[in-house]
Amino acid sequence: MKTAGRVLAAKIRSIKESKAFGIRSSELPTWCPGCGYFGIHQGLNACIQELGLPHHQVVTVSGIGCAGRSPFFIDTYGLHTVHGRTLPVATGVKLANPKLTVFAIGGDGDGLAIGGGHLPHVARRDVNINYLLFDNSIYGLTKGQPSPSSPTGTKTKASPYGTHDRPLNATLLALTYGASFVARLFAGDPAGIKRALMEGTRHPGFAIFHIYTSCVTFDKFFKTWANLKKWVHPLPEDHDPSDLRQAFDQVLEDEFSTGIVYSRKYPLPGVS
Amino acid sequence: MPKVDVTVEVCGMAGDGTIAAGGLINEAMASGGFSVLGFDSYPAEIRGFGRCVARSRIGSEPILALGDQTHVLISLNDEQSGVRVPFLAYNALVFFDSNPPVYLNEKQSVAAAVEPGMTLIGIPFSDLATSASGSARGRNLTALGGFAAVCGAAPELFRNMITKKFKAKGEKVLESNLKSFDAGYYYALSNLSDRMRPLFALPEQSDVAGRLIMSGNEAIGKAALDAGVLLYFGYPITPATPIMEYLAKHLPTRGGAVIQMEDEISSIGAVLGSFYAGTRAMTATSGPGFALMTELITHGVMAEIPAVILNAQRGGPSTGLPTKTEQSDLHAAVFGGPGDSARIVIAPTNVEECYYYTVMGFQLAERYQTPVIVLTDFYLDNRVEDLPVPEASEWEKADGNLYPAADSKGTYKRYAVNESGISPRAIPGAEGFAYTATGLEHTERGTPDYSPENHMLMTEKRYRKIWGALADLPAPVEFSARGSMDLGVIGWGSTFGAILEAVDTARSLGYRVGALKITSIYPYHVQEIKDFMSRCHQVLVPELNYSGQLANVIGHLCGKELIRLNQVTGVPFSPSAILARIERILKAGAL
Amino acid sequence: MSEEHFVIIGNGPAANEAALTLRERDSKARITIVGQELKGQYKPHLLPDFIAGAIEEDDLYLTGPAFFKERNIKLRLGQKVVGADFRGGWIILEHKEIIPFSGLIIATGARPRIPETVQIFEDLMLTLKTPADAKVWIDRLSEVDSVVLVGGDLVSLSVTDALVSLGKRVNFVIDEESFWPVPFSYEIREQVARRLVARGVRVLSGCRLMRVRRLSATSLEVVTDCETLHAGILGAFFGLIPNVKFLSRTGLDIERGILVDEHLKTRFDHVYAAGDCAQVYHPAIRNYWVSIGYENARLLGRIAALNLLGGKFTVEVARESIFRMDSIRVNTSWWMEL
């Protein structure tokens, strides 16, 4: 007991001392202890701090779901909108004031189910927003229903006999829709998230971060921390993110490799 | 000076230049100082088969509505024109091609359809156009020439408009078109002297320099530009698409853009995102698209984010009648969406008001931090009227936002409750005022809160704020003598023009009637409406919807049962239909 | 019977009587009257009264469009027939419209005749057949005070009365070329001349019109073989000839008018002719006669309609009342009202 208390205190101290603390809002997150979203936020906060983005120039736009609560926990401007419409609202914000850095945040339900129709278009338009898709393959806020990325046979109260549908692969979709920056990440690796976010934020087009995470309360079988830690591994060293075909091959072969899967090189201005 | 009030119709098959001819009539007559109201109908399908009718009412006094009957029909395709004959006045003039390229059978000939009292005026359009310009394509202009001659319209008005329109296409095209027009004009003068029917004695006033012909859609587009809109997000839908197209052309010249989104949901989403970030944006749609926007509109209400949405109503429900007019989205605009989501709904009644109300919409949206819905309809959007060049004043275009005071940095509460209900709104980029706007019920600071007292408090705040907008919303306008009336007629949208004409006629016949124009649909001016109603022995509300949607909203203000006149025929009310009802009511009620 | 379309060309007494008769007997068929004149049926015998100023223009007209609408008869005015295909069963209008018919009655009437010998002076003469003509008379009479009338038919006598009532000076040349109602005999001519003189008219009997010359806007020189006259107006009343030119290449038998049998049928089944434009076969004289006049026209119109519907009626005309005038035969049985 005492050890746990000392560990907790040390953790709190380190958080307070880290640069990441300054960006947290005074609201306490409503996520369950052990939720992967804490890790993602660590990465996001660190990214904003390290890039030196003034907090009042950052807008987080979110949809509905546990992921959607994110704007309340971060000390930037936020827009908590309706289910599935994160991307178009974020588009409006960015076009209205291109000086703002816009992070769109949503879960796999928000992004692949109700919001699925918006992803192709924001990718086509290549709007310079940064989209974090928190993929825990479950609907947590509504207490455990299958999501478009749940594997076949997922059993929940809404699907007691197991689902029949095949899951969507968000990274593959992003590549198919022509997104110009695609990263696949793991909530258990906040540092990796930070690095990818920094590069993607600097990327002058649409950047999508497909982040595997765990819902400790409602998913005890698929994306558990144990499973994820077992499956997730970095992309091969020689992976060339500028090669679209390689990106497709990689993603088709390997569902759990993480890193920057694809990043389109734009011609430099002034260079033909 | 004799009063001029003539309705002219050009009717033809798609491809005959019907609409162009109608447009020239509108522009020419407006440039002569006449008041003009024109409305065209097209075939519903794109394929190109089908009848085009360009109808214009031209007068020496302001025209308020289209009448029932047409006085002059110019037939560019007899087969199509035949069905228009029942709408002609008993002594109408009918211009037609007296030497068509092929023989027509009885069913295809407009001469077979006319009644004996009508005057047929045969002019060989095709032959004259071909000999004047080498092809029969200009025959619509030849027909206009004949019309100008027979009906005594100054040909220079037309020639000037033809020049204006075709100058850009080159000297050759322009000359050929003028020749086609002249061919018809001089033929008529030489051969039809026994059938002259001068209808257009030029009006006295000639301050026409500052007058334009504009459609409702163009007025709305210009209003958006003048209001400083930089971003338009939209999805094509009849009849709002022309607004998007107008802005797609003009916004880039102002550093703005039209972004065609993937659906109406993303359109309103982006508009809200834009206003949230401090830039005026707009979307325009019709019934089915508006329905999709409902959820986000209520989000804007709850999160107190401005937006401007134009709903160009058409026949409904559902896909309905895309190319027909109706006023049946009032309920959806005022009440649509979950919860008690009061928002501002305004409705212009003519083209000039389309401009000024759209400009006003932006200021209202910002000031009251709410979506503002501007309701128009197919008829109003597509019809043209003459009007003085619309120019919003600086005051009308001004920024309506209430920004937080600089010294409130540390204590800023985005949704602070106060008497007006309007809480200062920080725009992203302002340091020290960061907040999250949310569709969840929230505290003054904006964090989610579902407690009983808070929800009550916040709901009251939002309603108080919206109803406070009455101070800035145009009050109902009364057209009557002071004091009590036997009948008051209340209307909104494009129907009001027909109502006013009917009421004016009724008053000239000695009836004690009055009209009330309502343009603020929500919130509505309780006191003024109640006052008007109480001075009327009876109240009539004509609307182009089945259930009497305005009547439903304001009916409770009236001490007695409202009389409803509902029409869902897809075409606007004619003044005579309203007048007939007025007379029936007053005669029935007479002692 | 409902697919039937009966078409009547003309809008005079014969045409209108035919239309009404058809409608009486057949309530369902489509009936269309196609008339060249813009305004409706008028009473030709009232035209002189109109000129005299005794009646208004509106009093000339018989029935308004409402009359026909009530009876579901389509009235197409101001539209000219220019051709026909009787075997095929359609007529062609000037503006290239084809109207199919299942039954046709041609009742185009007749127009004032100008004898060939003086046709070159046609432009200098006024005739009187339509209200439009009457208006021209009224217009010109306001500027002149002397009139020469040439010819002699019933109309000319009424016109003479009108002119005298207006105080105009009238010279009446009873021309032998004219279409006089009864066989010319010296006695009849003298009788007529005396009647005219009694009305205050100067009569030149047995003279022939030779030449006409315009001297000024309101003055003409009229040269007969008797003497030379000066007048403001020259009125030509040489009788009427049928309006059938437009049918000349349609296969109909046409002499002066359309030749029809005693049932008023042309050589084509379902095509009849009635009124001033028709020449009717009389079995007793084995030849054709033309009838002129309002009452006759109505009668013929009625008979043609009845026969189109299957009847076999004939016009009762005593052979004695048929006179040969100017190479055609005329029924003048009702003309005894000098």
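Just the heavy atoms: all of them, side chains too, but no hydrogens, waters or symmetry mates, feed the values below. Residue numbering restarts at 1 for every chain, and letters A, B, ... go by the order of the sequence lines.
- Contact count versus chain B (heavy atoms, under 4.5 Å) is highest, among Leu87(A), Thr76(A), Val61(A), for Thr76(A).
- The distance between the ring centers of His455(B) and Tyr450(B) does not fall below 6.0 angstrom.
- When each of Leu296(B), Ile265(B), Leu272(B) is scored by its heavy-atom pairs under 4.5 Å with chain A, the top score falls to Ile265(B).
- Your options are Gly439(B), Ala277(B), Ala430(B), and the one with the most heavy-atom pairs under 4.5 Å with chain A is Ala430(B).
- Nearest heavy-atom pair, Ala174(A) versus Ile208(A), reported as atom, atom and distance to 0.1 Å: CB-CG2, 3.7 Å.
- Relative orientation of the Phe181(A) and His203(A) rings is tilted, given thresholds of 30° and 60° on the angle between their planes.
- Taking the six-membered ring for Trp, His56(A) and Tyr77(A) have ring centres at least 6.0 Å apart.
- For Phe433(B), the parts lying under 4.5 angstrom from a heavy atom of chain A are both the backbone and the side chain.
- When atom types are taken as modelled, the side chain of Arg414(B) and the backbone of Tyr412(B) share no donor-acceptor pair closer than 3.5 angstrom.
- In this structure, chain B has a heavy atom under 4.5 Å from the side chain of Arg69(A), while its backbone stays farther away.
- With a threshold of 4.5 angstrom between heavy atoms, Val59(A) approaches chain B through side-chain atoms but not through N, CA, C or O.
- The two atoms that bring Ala104(A) and Ala90(A) nearest to each other are CB-CB, 4.1 Å, heavy atoms only.
- Annotation for Tyr177(A) and Ala123(A): closest pair O-CB, 3.6 Å, computed over non-hydrogen atoms.
- For Ala257(B), no part lies under 4.5 angstrom from a heavy atom of chain A.
- Residue contact with chain B, scored on non-hydrogen atoms closer than 4.5 Å, involves the backbone and the side chain of Leu79(A) alike.
- When heavy atoms are compared at a cutoff of 4.5 Å, Arg445(B) approaches chain A solely by way of its side chain, counted from C-beta outward.
- Per-residue heavy-atom pair counts under 4.5 Å with chain B were compared for Arg124(A), His118(A), Lys99(A), Lys94(A), and the maximum is reached by His118(A).
- Interface remark: Ala303(B) contributes no atoms to any contact with chain A (heavy atom separation under 4.5 Å).
- Taking the six-membered ring where the residue is Trp, the centroids of His250(B) and Tyr246(B) are separated by under 6.0 Å.
- For the options Leu95(A), Thr30(A), Thr86(A), Val58(A), heavy-atom pairs under 4.5 Å to chain B are most numerous at Leu95(A).
- For Ser267(B) against Met261(B), the heavy-atom pair with the smallest separation is OG-CB, 3.6 Å.
- Of the residues considered (Gly84(A), Pro71(A), Pro88(A)), Pro88(A) shows the highest number of contacts with chain B, using heavy-atom pairs under 4.5 Å.
- In this structure, the side chain of Ser62(A) engages the main chain of Gly68(A) through a donor-acceptor pair within 3.5 Å.
- The minimum heavy-atom distance linking Pro288(B) with Thr319(B) is given by the pair CG-CA, 4.3 Å.
- For Tyr276(B), the part lying near chain A is the side chain, with the backbone staying farther off; criterion is any non-hydrogen pair under 4.5 Å.
- Put simply, of Thr298(B), Thr438(B), Leu440(B), Asp263(B), the one with the most heavy-atom pairs under 4.5 Å next to chain A is Thr438(B).
- Using a 4.5 Å cut-off between heavy atoms, Thr81(A) contacts chain B through both its backbone and its side chain.
- Contact annotation for Leu230(B): neither backbone nor side-chain heavy atoms come within less than 4.5 Å of a heavy atom of chain A.
- Phe362(B) and Ala281(B) get closest at one heavy-atom pair: CE2-O, 3.4 Å.
- Contact annotation for Ile259(B): only side-chain heavy atoms (C-beta onward) come within less than 4.5 Å of a heavy atom of chain A.
- In terms of heavy-atom pairs under 4.5 angstrom with chain A, the leader among Ile268(B), Ile427(B), Ile305(B) is Ile427(B).
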